[in-house]
Trainee: 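Below is a structure I'd like to ask you about.
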Amino acid sequence: MRLFTALRPPADVVAAVALSLGESLGEPGPGLRWSAPEDWHVTLAYYGEADPDERTAELVPALAGRPAVDVRLTGPGTFPGVLWLGVAGDGLARLAEAAGADQEERPYQAHLTLARYPRERRGAAEPWTRRLAGFSSRKWTAGEVVLMASAGTVGPRYRELRTFPLGAAGT
């Protein structure tokens with residue numbers, strides 16, 4: 001099972017992003033495929049193929065006593081083939097490190113994936129980066145980390161397996 005940990009934005013933040021995308025959520029443009037709003041999340045660490053029980057056993061002590069994190073979504077960016085919104089928050093990088101992001105090959109970049117497109121279509125996301133340039137969500141307190149699994153091709157793309165509560169923000 002492919003596993004990762006994530007923060008899930010609250011429903012009103014998801015709705016604000018969807019509103020900013022407008023009616024285009026159905027038709028993003030040539031080559032772009034929107035990620036479903038119910039799948040939107042902020043990945044903390046990706047583990048690849050892993051056993052959920054073993055990963056849980058590692059995460060329980062790693063996340064115990066960690067404070068909640070106040071975060072907000074910020075302007076857009078791209079990776080090759082990915083359109084995303086940035087995520088800002090004091091303590092977010094430390095939380096990701098505790099979850100295991102420091103074991104990944106590339107530096108941690110907090111983001112929420114909005115759409116995917118073929119890597120060779122470099123300009124496909126450009127209209128959206130312009131449209132979302134001034135976007136900023138309200139700040140919210142992420143009070144739990146979610147262990148998630150990538151699901152199959154039928155049904156939701158991701159499945160929540162376990163949640164790990166965080167302490168009060170700033171503690």
Side-chain angles (χ1 to χ4, degrees), residues 4-29 31-47 63 66-119 121-148 150 156-158 160 163-171:
F4 60 96
T5 45
L7 305 176
R8 299 293 295 240
D12 68 307
V13 172
V14 169
V17 174
L19 183 63
S20 293
L21 297 174
E23 293 180 24
S24 305
L25 207 52
E27 280 298 322
L32 263 75
R33 296 177 324 275
W34 290 124
S35 297
E38 60 270 15
D39 287 338
W40 288 347
H41 63 273
V42 178
T43 301
L44 293 173
Y46 178 76
Y47 312 115
L63 298 175
R66 293 270 168 194
V69 180
D70 290 332
V71 295
R72 68 180 172 83
L73 301 178
T74 61
T78 61
F79 299 134
V82 177
L83 168 66
W84 49 264
L85 286 174
V87 184
D90 290 339
L92 183 59
R94 287 186 301 281
L95 181 60
E97 184 178 315
D102 60 339
Q103 298 168 15
E104 294 184 32
E105 293 177 15
R106 56 184 175 234
Y108 181 68
Q109 171 69 53
H111 68 281
L112 183 144
T113 298
L114 295 173
R116 297 186 184 281
Y117 55 92
R119 288 175 180 246
R121 293 193 50 112
R122 289 182 222 187
E126 192 174 310
W128 294 103
T129 57
R130 283 194 308 271
R131 181 174 180 159
L132 296 166
F135 182 84
S136 181
S137 75
R138 73 164 177 88
K139 188 184 290 186
W140 82 89
T141 300
E144 66 183 16
V145 171
V146 182
L147 178 62
M148 300 183 75
S150 296
R157 181 173 176 143
Y158 304 113
E160 293 186 9
T163 58
F164 304 89
L166 300 172
T171 61

Trainee: Output the distance between atom CH2 (W40) and atom CG (L85), rounded to the nearest 0.5 Å.
Mentor: 8.0 Å
Trainee: W34 versus L83: any side-chain heavy-atom pair under 4.5 Å?
Mentor: yes
Trainee: What pair of heavy atoms forms the shortest contact from S136 to R72, and how long is it?
Mentor: OG-NH1, 2.9 Å
Trainee: For A142 and L166, work out which heavy atoms get closest and say how close.
Mentor: O-CD1, 3.5 Å
Trainee: Assign the ring pair W84 / F79 to parallel, tilted or perpendicular, where the plane angle (0 to 90°) is split at 30° and 60°.
Mentor: tilted
Trainee: Which heavy atom of T43 sits nearest to which heavy atom of F4, and what is that distance?
Mentor: OG1-CD1, 4.1 Å
Trainee: NE2 of H41 to OG1 of T5: how many Å apart, nearest 0.5 Å?
Mentor: 9.5 Å
Trainee: Which residues pass the ring pair (Phe, Tyr, Trp, His ring centres under 6.0 Å) test with F135, not counting sequence neighbours?
Mentor: none
Trainee: Tell me the closest heavy-atom pair linking L32 and A125, and the distance in Å.
Mentor: CD1-N, 4.1 Å
Trainee: Would you give the length of the straight line joining atom CH2 of W128 to atom CG of L21, rounded to the nearest 0.5 angstrom?
Mentor: 5.5 Å
Trainee: Do you know the tightest heavy-atom contact between T129 and P76?
Mentor: O-CG, 3.3 Å
Trainee: With side chains defined as the heavy atoms from C-beta onward, is the minimum distance between R138 and P10 less than 4.5 Å?
Mentor: yes
Trainee: Listed by chain and number, what are the side-chain contact (heavy atoms from CB on, under 4.5 Å) partners of T163, not counting sequence neighbours?
Mentor: E144, V146
Trainee: Once rounded to the nearest 0.5 Å, what's the spacing between atom CG of L112 and atom CG of D39?
Mentor: 10.5 Å
Trainee: Quick check for you: to the nearest 0.5 Å, what is the distance between R8 atom CZ and E38 atom CD?
Mentor: 8.5 Å
Trainee: What I'd like to find out is whether the side chain of L7 reaches to under 4.5 Å of the side chain of V145, using heavy atoms alone.
Mentor: yes
Trainee: Work out which heavy atom in T141 is nearest to a heavy atom in A68; give both atom names and the distance.
Mentor: CG2-CB, 3.5 Å
Trainee: Rounded to the nearest 0.5 Å, how far apart are CG of D90 and CG of L95?
Mentor: 12.5 Å
Trainee: Hey, are the side chains of P9 and W140 touching, using non-hydrogen atoms and a 4.5 Å cut-off?
Mentor: yes
Trainee: State, yes or no, whether a side-chain contact exists between V87 and L92 at a heavy-atom distance under 4.5 Å.
Mentor: yes
Trainee: Would you say the side chain of V17 lies within less than 4.5 Å of the side chain of L132, judging by non-hydrogen atoms?
Mentor: no
